[in-house]
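Both ligands and their constituent atoms are indexed starting at 1 by order of listing. When a residue number appears, it is its place in the shown sequence, counting from 1.
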Amino acid sequence: MKKLSHITVVFFLFFWALGVHAQDTEVIIKIDSVSKDVYMLTGQGGNIGIYVGKEYVFMIDDQFDRLNKKIKAAIATLSDKPIAFLFNTHMHGDHTGGNASFNDSRTTIVAHDNVRKRVMEREKQKLAEQKITASFYQAMLPEVTFSNDITFFEGEETIMAFHEHNAHTDGDALVYFLSNNVMHMGDTYFSGRYPYIDLSSGGSVEGLIKTHKKALLVINDDTVIIPGHGRPSNKKELQTYVAMLEDIMGKVKDAISKGATLDEVKADPTLAASYDDAYGGGFIKPDAIRATFYNSLLKK
Ligand SMILES: [Zn+2]
């Protein structure tokens, strides 16, 4: 029995490796031009933001390390200027996985304090398991961190990054390009699909809604929003999205106050039914969003 399970594991790893390899060769980095100087890159994982300035490139998030050559090739089609700053919107591996490969002497990685802490925790584990080297570990970490906000001035552009607490995680930041009128919202916003709120990394439903309301105060009707996942979006769609979240929040709070259990909320499609067609086809399915709302709101 022991031998059999060992063989099963070997086979599983073999096919898993094949699968990963096949995925890599198939991934194409698509470039969307969202304003005069800002682009959105899509491949696998979180959407990348690229600003091409007068003197340098400002990059937001970097997907997975295995895609770093493809991502660099895509950026090279936009500019040959150095990537002076690589900004991490939060700690998840599909946004920070490429940190080490982009972190050369010309690039400074910037993120919220908690991003560094959590990336450190994750990569330390990999180092202990000898999956990465000590120099790779060091290169994965953000080199400049901030607690509330940080601003970059580049030519005509002002790039404002501000932290929003306990939204998708406990280290999220939104990045707003003032002249280009583009906002990268990281994973605080999944356009066209239910949000993923990482409760175990400090995320919360109420924090997410608060973040959206803050974003709505900053942007205008012409702003292009780069979401963490999904297609480029705008103020109107974000307003509709927040209204959806608030409606579901109200219904789940009501169910909690009536003593509903997690299983009952998960099994009750009426709590978000009118939105499932529009938002339930992504990574977070209807029962998962009901469970997330329940677990997040019950904590209070
Ligand atoms: Zn994320």
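- Summarising the geometry, atom CD1 belonging to Ile132 is positioned 10.0 Å from atom CD belonging to Gln125; distances are rounded to the nearest 0.5 Å.
- Considering every non-hydrogen atom in both Ala255 and Val265, the closest pair reads CB-CG2, 4.2 Å.
- Just one residue in the list Gln63, His90, Arg122 forms a side chain to side chain donor-acceptor pair (under 3.5 Å) with Thr96, and that residue is Arg122.
- Sorted by first and then second residue, the salt bridge (charged side-chain N to carboxylate O under 4.0 Å, His left out) pairs with a member in residues 155-176 read Arg118-Asp170, Glu164-Lys214; sequence neighbours excluded.
- Protein atoms that are N, O or S and lie under 2.8 Å from the Zn ion (ligand 1) are these: His90 NE2, His92 ND1, His168 NE2, Asp187 OD2.
- How far CD of Glu206 is from CD1 of Ile209: 7.0 Å, rounded to the nearest 0.5 Å.
- Proximity of a side-chain donor or acceptor of Ser296 to a complementary backbone N or O of Thr292 within less than 3.5 Å is not detected.
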